[in-house]
Engineer: 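Next up is a structure, given as structure tokens.
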Amino acid sequence: MPGVIEIQSVDQFLTIVRDTPETKFVALNFHAPWAEPCRQMNEVFKMLATSRTDDQIMFLSIDVEDDLHEISEMFEVATIPHFVFLKGGSKVVSHVKGADPKELGAAIAKLDTAGGSSIPPQQTTTAPPVATANGQTSGQETEEVEEDINTRLGKLVKAAPVMLFMKGTPAAPQCGFSRQLVALLREKGVRYGFFNILADDEVRQGLKAFSDWPTYPQLYLDGNLVGGLDIVKEEFENDPGFMSEKTVA
Ligand SMILES: N[C@@H](CCC(=O)N[C@@H](CS)C(=O)NCC(=O)O)C(=O)O
């Protein structure tokens, strides 16, 4: 069995999905090297792929840090880990957001029972898109776990050592302030996780109250709010070594 295919380019991805027959499925694992929960889920994903004895599901691994932003944007991946399941390479069947091995296993099992003919209608899991949602035990897809928004935000701000809540994605910022902050972090070589608040209005509005900060972008360091663009600029001006321990070696 081929196991997991590491996607290296957008073209490679498009060729694979284009050539996937209507009766087969594709499982996409969006992950990043900086996110601890992805490490565990990458292993689970690999195990689910290699333990198969058939080729009914193709397992693709997509590192969001590589030049693959177009793929993340296609599937509105706002944070990771995030899994997307396709039928025939184009129809989105379901999403699993967050680091819940049970939920990932259940989603794959559901593809197996669908058997390529009676696929259930399009659905999105209610699990929050939290990179740190380790140990969540929603399991049943019908069991809608409505996590308290503050609990969710508390996890989200810690999803990576440096977390940027922005409008759009680093590859395609949707506001000048977010664009400037992305450019600044890139210039300084800071590694960061991001959350596109335009993809989730609950987070967009909730985080303003949670952190008592009315605008975006918002930058968090080890779960603590640093501030918006102006404050981050000031921090770098006052201390050129600001966040130096968070930079790429
Ligand atoms: N000077 C601010 C500018 C940020 C700003 O004004 N952002 C606005 C427009 S993008 C905003 O987020 N408004 C609230 C919203 O859109 O929810 C900073 O330093 O970050």
Side-chain angles (χ1 to χ4, degrees), residues 30 32 34-35 64-65 67-82 95 97-98 124-133 144-248:
F30 291 90
W34 49 260
V64 298
E65 296 261 298
D67 202 13
L68 303 170
H69 303 293
E70 277 176 52
I71 309 176
S72 309
E73 279 152 28
M74 251 176 249
F75 299 101
E76 297 180 341
V77 172
T79 191
I80 39 84
H82 183 148
H95 293 254
K97 301 173 183 177
T124 304
T125 62
T126 53
V130 175
T132 51
E144 301 208 348
V145 179
E146 208 41 78
E147 193 173 21
D148 168 60
I149 178 68
N150 287 333
T151 308
R152 184 178 172 207
L153 293 173
K155 287 178 184 173
L156 260 187
V157 296
K158 293 189 197 119
V162 181
M163 267 303 282
L164 175 63
F165 290 79
M166 64 177 291
K167 291 189 176 178
T169 63
Q174 301 291 313
C175 143
F177 302 113
S178 290
R179 182 175 295 111
Q180 285 184 59
L181 191 41
V182 163
L184 182 60
L185 295 175
R186 187 174 298 138
E187 179 197 317
K188 302 290 182 186
V190 174
R191 289 180 80 93
Y192 61 96
F194 70 92
F195 188 97
N196 174 9
I197 51 103
L198 296 180
D200 191 323
D201 204 53
E202 188 182 44
V203 171
R204 178 179 182 170
Q205 303 310 338
L207 196 59
K208 291 179 189 174
F210 182 83
S211 295
D212 196 17
W213 194 268
T215 56
Y216 293 97
Q218 293 185 13
L219 191 78
Y220 290 78
L221 195 50
D222 298 323
N224 300 309
L225 177 68
V226 176
L229 173 66
D230 296 342
I231 301 286
V232 176
K233 271 186 181 165
E234 266 174 45
E235 293 283 356
F236 276 116
E237 278 160 19
N238 295 338
D239 173 12
F242 178 58
M243 289 203 290
S244 56
E245 76 282 8
K246 312 289 185 192
T247 56
V248 185

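Both ligands and their constituent atoms are indexed starting at 1 by order of listing. Along the sequence shown, residues are numbered consecutively beginning with 1.
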Engineer: Which residues pass the side-chain contact (heavy atoms from CB on, under 4.5 Å) test with E76, not counting sequence neighbours?
Structural biologist: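 Testing E76 for side-chain contact (heavy atoms from CB on, under 4.5 Å), a comparison that skips the adjacent residues, returns none.
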Engineer: Please check: side-chain N/O of Y216 versus main-chain N/O of S178, any donor-acceptor pairing under 3.5 Å?
Structural biologist: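 Absent.
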Engineer: With sequence neighbours left out, write down each residue that passes ring-ring contact (aromatic ring centres under 6.0 Å, His included) with F242, or none if nothing qualifies.
Structural biologist: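 Result, ring-ring contact (aromatic ring centres under 6.0 Å, His included) vs F242: F236.
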Engineer: What residues sit with at least one heavy atom under 4.0 Å from ligand 1?
Structural biologist: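 Residues within 4.0 Å of ligand 1: K167, C175, F177, R204, K208, P214, T215, Y216, P217, G228, L229, D230.
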Engineer: Considering only residues two or more places apart or on different chains, which pairs with a residue in residues 220-232 satisfy side-chain hydrogen bond (donor to acceptor under 3.5 Å, both in side chains)?
Structural biologist: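 Residue pairs with at least one partner in residues 220-232: S211-Y220, Q218-Y220, D222-K246.
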Engineer: Can we say R152 and D200 salt-bridge, meaning some charged N sits less than 4.0 Å from an Asp/Glu carboxylate O?
Structural biologist: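 Salt bridge flag = yes for D200 with R152.
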Engineer: When the ring planes of F30 and H82 are compared, do they come out parallel, tilted or perpendicular, using 30° and 60° as the limits?
Structural biologist: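 Geometry flag for H82 against F30: perpendicular rings.
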